[in-house]
Amino acid sequence: MARLTAVEQVVHSLEAAAKLVHSDDGRLTFALKHSDWESGRNLENLTSSEIFDSKMMHELASNHRQLEYIAQFTKALSDSASDLLGRMGRYLEPCYAKMSKGVVSLPDEILGLIFKFAAFPEEEGPKYTIYLSQVSRRFRRLALSDQSLWSCIFFRHDTNLERIDRCIERCGDHNDVHIVLKDSARVEVDHLEYLMETCSPFASRLRTISLFGDWDGSWEDANSDYTLAGTLNQLLPHPLTLPRLHELRLSQAFNYDPNDRDRRVWISTEEINDDDSWTAPNLHILRCSEYIPPLSFPFQTITSFSLKLTLVPGEGISGQMDELRGFLFRMRNLEEIDLDFINDGDADKYLGRDIGIISLPDVTSLTIHARNSSLPFSSFWVLNFFMKCLRMPKLERLDIHLEWQKSDTLFTPDTLNRALPLFIYALMPDPILHQHLKQCSIELSHSPSEYKGVLSSKPSELRVRENSIELKIPLDKIPYVTVLEVKTVGYVCFFLAEKTKASMQPYQLRELRLSSCNNMIEKDLEDMARSLDDIGASDTLEHIVIRNCDLLDERMAEAVMENRRESRIV
C-alpha cells in the first residue's frame, strides 16, 4: 500500500513538473546528467580500476537495484503516458483538424462579429480596424464592407488628418459616429479648427464624444488651452446641431505637485465659456474620470452621471467635495448617479466643513463605490458627511460597494467587525426622507490572501467562526426596502442602530439575495434568519435566494424558511 502511494506521488509530481517546465512546443528544454541523481553523484569520484571496500560495494549494489527498478518504473510510466497520449489524441484530432484551417473555416458573418469586438478598444479609435484591414484580402474585404467599423473618429495632436478623411468616407452616410480626442500635449488651435470643420457635415449623426487628456503640469501655465476645460472652450463655440448625441465622456489624468512628483494635488476646474453653440437636446449621459465639471457646464439635459474620483489628501478633498456638491446641485434633471471614490492615503478621513444640503429631486438610482477605504472608521469620514447632505425623495435603488485598504493586515477581525457596521450605516440615507427606497445592494470586498487568519485559503475549508468577518446591516436604516442583495467575504446578520425609533416603522423586507457569499455555511444562514426574528423583521420575509455561494444552496435556504414558518405556527 505504501509503495502504491509513493508511486501515485511520483505521478503527481511529474504532472506538476510538466506544467511548470515544459516548453510551448511540448519538447524538453533540458538534459539530465549523472550528477542530477543522488545515486549518480558517487560515480564522479570513482574509477573502474579502483578496489572498493564493503561499505562502498553495498552502496553501489543498492543503488544499482534501485536504478533497475526506476528503469522498469519509468518504462511503465512511459507506456502508460503513451497510451493516455493516444487516447487524448483521438479526442483532440477532430478539433485540431478544424483548428488547422484557422479563420478560413469561419464564415464571414462570424468573422465580422469578431471584428466588431476587436476593433473598438477604449481610447483607441479605429486603429485596430486599420490593422485588421491590412492582414489579408479577405480581412480587408470584410473590414471595408462593415461601415460601422469605421465610425469611430480618433484625433490627437499628431493624427494623420488624411486617415480621418478615409474613416469618414468609409463609415457611410447613415451610421452613428463617435469622436475620440485623446492627448498628452497641447493640441494646436488650427488642428481643432480642422476637426470641427470635418465634424460639421456629419454632426447630426454624432452619438458619443470622448475627451481623454493627460495635461499634467499645464495648470502651472497661464495658457488654459492645455487643460480639458481649455479644450472644451475651443470646441464648444463652433456651431453644431447634434440631435443624436447621447453620451459625453470627460477624462483626465492626475495633477502632481511640481515640487513633489509623488504628491497628487487637486486643481479647481476651469470655467467653461457660456458662448457655446452646441445644440444637443438628447445628451443624457455624462461620464467623468478625475474631472468634476464646473458650475458653468452648459448641458442641463444630463440624466445619468458617473464619476471616478481619487480623493486627494489635505485641502484637495475639501475642494473636491465643494465642487462635486456645486455640480450636483445645479444638475436638476439627474435620475442616475454612480460615484466611484478611490481613497489616496487617509484622504477619506475628511476634516473639512459641512458641505451643505444637496437636493436631487429626480434621482431614482444611486451607486457608491468606496475603494481603498481607511480603517478604523472615523466620525469625520468623508462619505458620512456626503450622504448626510443628500436629499433624494424619489430614490428607489441604492448600491453600496465597500473595499477597505489591502495594507491594513494588522487589523483583527474584531476591529473590522466593529468598524464595518459604521461604514454601512454612514452610507445609507435617512429613511424618513427616502421612503421610496425599495431595492438595496451591499457588497464588501478585499483580497482574502492579504488577511491571514481571517478567512480560509480555500472556499471548501470551513473557517473558525470567531475568525470570520461579520457584516451587520442596520435594518432600521432601510425599513422600506423590499429586495436586499448582499455580497460579502464573511457572514451576515441584522441589527437595529436606533432601537428607540425601530417600532415606528414596520419593516418591508420580502426577498433577501445572497450572491457570492463564499464563506457562509448553513449555520450562518440560520443565525442570519434568527437575527431577523430578534428585531421583529421576520413576518414579511418570503424568499432567501442563493446565487453562486460555494457552501450554500437553495435547499438550505428552503429549509431555513420552512423552519421559520413552523416555529411561527408553534
Side-chain angles (χ1 to χ4, degrees), residues 120-127 151-159 161 164 167 176-200 202-203 205-219 221 223-240 242 244-255 267-280 282-299 301-302 304-310 323 327 331 338 340:
F120 292 117
E122 187 178 275
E123 306 180 29
E124 294 295 345
K127 180 170 70 173
S151 63
C152 189
I153 310 302
F154 181 79
F155 188 87
R156 50 173 282 143
H157 73 279
D158 57 356
T159 294
L161 302 181
I164 291 182
C167 288
D176 287 339
V177 181
H178 311 270
I179 291 290
V180 177
L181 194 157
K182 177 184 179 182
D183 223 323
S184 58
R186 181 181 180 184
V187 181
E188 296 297 332
V189 174
D190 58 339
H191 281 203
L192 290 175
E193 294 278 355
Y194 173 83
L195 175 64
M196 300 313 294
E197 290 176 5
T198 303
C199 291
S200 297
F202 57 83
R205 295 191 284 126
L206 274 175
R207 182 69 175 176
T208 66
I209 297 177
S210 303
L211 305 184
F212 299 95
D214 182 1
W215 290 278
D216 181 32
S218 61
W219 57 275
D221 196 295
N223 190 337
S224 62
D225 293 347
Y226 285 80
T227 64
L228 182 56
T231 302
L232 277 171
N233 280 330
Q234 293 182 44
L235 298 178
L236 288 173
H238 295 270
L240 291 179
L242 307 163
R244 291 195 203 177
L245 186 63
H246 183 67
E247 180 176 325
L248 179 63
R249 300 182 65 183
L250 304 174
S251 176
Q252 67 180 19
F254 306 117
N255 289 313
I267 307 302
S268 295
T269 304
E270 296 175 37
E271 293 300 306
I272 297 176
N273 298 333
D274 58 4
D275 58 347
D276 63 275
S277 300
W278 287 12
T279 303
N282 295 307
L283 176 57
H284 295 304
I285 299 176
L286 175 63
R287 304 188 191 279
C288 296
S289 178
E290 309 301 342
Y291 176 79
I292 301 174
L295 293 176
S296 54
F297 185 75
F299 303 108
T301 55
I302 299 296
S304 177
F305 172 63
S306 65
L307 171 66
K308 180 180 180 181
L309 184 68
T310 300
E323 291 179 33
F327 175 74
M331 303 304 289
D338 187 334
D340 190 350

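One is the number of the first residue; the rest follow in order along the sequence.
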>> Set out, in order, the CA-CA distance, both residues' side-chain angles and the distance that settles side-chain contact (heavy atoms from CB on, under 4.5 Å) for Phe297 and Ile302, then state yes or no.
In response: CA-CA 11 Å; Phe297 185 75; Ile302 299 296; 4.2 Å; yes
>> Looking at every heavy atom in both Ile272 and Ser296, which two are closest together, and how far apart are they?
In response: N-OG, 2.7 Å
>> On a heavy-atom basis, which atom in Pro294 and which in Phe327 lie closest, and how many Å separate them?
In response: O-CD1, 4.1 Å
>> What's the separation between atom CG in Leu181 and atom CG in Leu250, rounded to the nearest 0.5 Å?
In response: 11.0 Å
> At what distance, to the nearest 0.5 angstrom, does OG of Ser251 lie from CZ of Arg287?
Replying inline: 12.5 Å
> From Glu247 CD over to Ile285 CD1, what is the distance, rounded to the nearest 0.5 angstrom?
Replying inline: 5.0 Å
>> Could you measure the distance from the CG atom of Leu242 to the CD1 atom of Ile179? Nearest 0.5 Å is fine.
In response: 10.0 Å
> Going by heavy atoms in the side chains, are Leu240 and Leu245 under 4.5 Å from each other?
Replying inline: no
> Taking the inter-plane angle between the rings of Trp278 and Phe299 on a 0 to 90° scale, is it parallel (under 30°), tilted (30 to 60°) or perpendicular (over 60°)?
Replying inline: tilted
> When rounded to the nearest 0.5 angstrom, what is the spacing between CG in Leu206 and OG in Ser200?
Replying inline: 9.5 Å
> Hey, mind stepping through Leu309 and Ile292 against side-chain contact (heavy atoms from CB on, under 4.5 Å) and telling me if it holds?
Replying inline: CA-CA 9 Å; Leu309 184 68; Ile292 301 174; 4.0 Å; yes
> Is the side chain of Ser277 donor-acceptor paired with the backbone N or O of Pro237 at a distance under 3.5 Å, no angle test?
Replying inline: yes
>> For Arg249 and Thr208: C-alpha separation, side-chain torsions, deciding distance, then whether side-chain contact (heavy atoms from CB on, under 4.5 Å) applies.
In response: CA-CA 8 Å; Arg249 300 182 65 183; Thr208 66; over 6 Å; no
>> For His284 and His246, take the angle between the two ring planes, folded into 0 to 90°, and tell me which bin it lands in: parallel under 30, tilted 30 to 60, perpendicular over 60.
In response: perpendicular
>> Within this structure, what is the SG-CG distance for the pair Cys288 and Leu211, rounded to the nearest 0.5 Å?
In response: 10.0 Å
> Which heavy-atom pair separates Glu290 from Thr310 by the least distance, and what is that distance?
Replying inline: OE2-OG1, 2.8 Å
>> Could you go through Leu235 and Ile209, starting from their C-alpha distance and side-chain angles, then the distance that decides it, and tell me whether this counts as side-chain contact (heavy atoms from CB on, under 4.5 Å)?
In response: CA-CA 11 Å; Leu235 298 178; Ile209 297 177; 5.9 Å; no
